[in-house]
Amino acid sequence: MSELIRNYEDVKNNIEDSVNKSSVSNKDVTLIAVSKTKPNEMIEELYEYGVRDFGENYVQELCSKYEELPKDIRWHMIGHLQTNKIKYIIDKVYMIHSVDSLHLAEAISKEAKKRNITVKCLLEVNVGMEETKFGLTAENLEENYIEISKLEGIEILGLMTSAPYVENPEENRQYFVQLRSLMVDLKDKGLYNKNKFFLSMGMTCDYTVAVEEGADFVRVGTAIFGARNYI
Ligand SMILES: *Cc1c(COP(=O)(O)O)cnc(C)c1O
């Protein structure tokens with residue numbers, strides 16, 4: 001077994017341990033392998049092993065990987081998206097996790113209507129309130145959610161967050177609890193009327209705790225692919 005596959009299996013096993021440890025965890029967690037900056041060969045190796053869910057942050061990189069790799073890969077757009085780039089990825093992604101403003105949602109809706117498609121989206125909430133991060137806030141989520149729900153061509157399926165980088169994942173538990181309760185609030189108020197909502201939370205530094213707090217999607221890069229070299 002290669003190091004890459006071993007890493008992937010380790011993360012899978014840790015997720016399973018967290019599921020077994022927790023009473024609120026979802027039993028069916030999707031592990032998204034975050035492949036940004038990583039070469040096609042590594043993605044292909046995981047693909048051969050059966051992995052289908054990959055996460056990317058950059059439009060150009062996502063587009064070239066989409067062209068070069070098998071068409072049944074589910075590409076998750078997890079990075080900040082500029083409105084003028086939507087047209088390049090809208091028909092290539094399985095889900096957009098990073099809808100971080102009403103303005104972006106309106107632009108996605110416009111592009112989706114043109115193509116007569118519906119795009120699965122999550123609303124990104126900056127629960128850690130880091131200045132460097134994009135996202136709605138806990139305070140303005142509800143009003144944005146109401147406006148975005150009215151748009152055609154967008155299906156909101158839940159919430160996403162990126163918690164701060166930490167050494168000890170326990171430090172981020174509060175944020176995962178908060179994201180879950182924001183979603184429950186929307187549901188309790190009758191604003192969210194689907195049976196199931198999805199929470200996208202947890203990265204290399206904190207995915208075990210995110211799973212314990214009910215994550216449906218975890219987005220793990222470094223623990224699978226190794227450290228990234230940015231050029
Ligand atoms: C890069 C990235 C990840 C993966 O981060 P790792 O720490 O490498 O696991 C997850 N989510 C988002 C939004 C990212 O940008």
Side-chain angles (χ1 to χ4, degrees), residues 3-15 18 29-39 42-43 46 51-63 65 73-82 85-86 89 93-101 104 108 120-137 157-173 175-176 178-180 198-231:
E3 195 184 342
L4 179 63
I5 302 298
R6 210 162 50 233
N7 289 345
Y8 183 83
E9 274 301 316
D10 285 347
V11 174
K12 276 289 222 193
N13 288 332
N14 292 339
I15 290 172
S18 295
V29 180
T30 299
L31 169 57
I32 298 173
V34 176
S35 47
K36 64 183 175 216
T37 79
K38 297 296 176 182
M42 293 180 98
I43 298 174
L46 286 166
V51 180
R52 292 294 178 272
D53 291 278
F54 291 91
E56 289 286 340
N57 287 57
Y58 310 107
V59 167
Q60 208 177 356
E61 186 177 356
L62 195 153
C63 289
K65 285 174 172 170
I73 287 180
R74 291 184 287 270
W75 294 106
H76 297 258
M77 177 62 188
I78 63 173
H80 175 63
L81 186 54
Q82 289 168 295
K85 303 270 178 70
I86 295 165
I89 60 145
V93 294
Y94 173 72
M95 189 180 282
I96 300 175
H97 291 234
S98 44
V99 177
D100 53 19
S101 69
L104 176 63
I108 294 171
K120 296 188 186 73
C121 290
L122 303 175
L123 302 189
E124 179 171 359
V125 188
N126 185 359
V127 284
M129 288 307 285
E130 287 177 281
E131 281 180 21
T132 53
K133 288 202 173 130
F134 292 96
L136 304 169
T137 64
L157 288 172
L159 303 179
M160 175 272 215
T161 198
S162 297
Y165 175 79
V166 287
E167 296 284 342
N168 176 2
E170 285 300 333
E171 290 175 43
N172 282 343
R173 188 181 293 275
Y175 300 123
F176 303 141
Q178 197 189 348
L179 194 72
R180 182 173 189 82
F198 294 89
L199 299 174
S200 170
M201 56 190 195
M203 309 172 32
T204 292
C205 69
D206 55 19
Y207 69 92
T208 51
V209 170
V211 169
E212 285 171 28
E213 295 303 338
D216 298 279
F217 294 105
V218 293
R219 312 176 308 267
V220 178
T222 308
I224 297 173
F225 293 96
R228 286 178 291 273
N229 293 314
Y230 286 98
I231 337 141

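Just so you know, ligand 1 is whichever comes first in the structure, and atom 1 is the first atom listed for that ligand. Being a predicted model, the structure only gives us computed values, none of them experimental.
Against a heavy-atom cut-off of under 4.0 Å, Lys36 is close to the following atoms of ligand 1: 1 (C), 2 (C), 3 (C), 14 (C), 15 (O). Proximity to Val220 (heavy-atom distance under 4.0 Å) selects the following atoms of ligand 1: 9 (O). Atom numbering of ligand 1 starts at 1 in the shown order; those under 4.0 Å from a heavy atom of Thr204 are 6 (P), 7 (O), 8 (O), 9 (O). Below 4.0 Å from some heavy atom of Gly221 lie the following atoms of ligand 1, by number and element: 4 (C), 6 (P), 8 (O), 9 (O). Contact atoms of ligand 1 toward Thr222: 6 (P), 7 (O), 8 (O), 9 (O) (distance under 4.0 Å to a heavy atom of the residue).
Counting heavy atoms under 4.0 Å from ligand 1, residue Arg228 touches it through the side chain alone.
With respect to Thr204, the side-chain contact (heavy atoms from CB on, under 4.5 Å) criterion is satisfied by exactly one of Val11, Val220, Ile224: Val220.
Residue Met203 has no N or O atom closer than 3.5 Å to an N or O atom of ligand 1. Some N or O of Asn57 is nearer than 3.5 Å to an N or O of ligand 1, by distance alone.
Distances from ligand 1 to the non-hydrogen atoms of Ser162 include at least one value under 4.0 Å.
Judged as a side chain to side chain donor-acceptor pair (under 3.5 Å), and not counting sequence neighbours, Tyr8 has no contacts.
The backbone N or O of Gly202 sits nowhere less than 3.5 Å from a side-chain atom of Arg219 that would complete a donor-acceptor pair.
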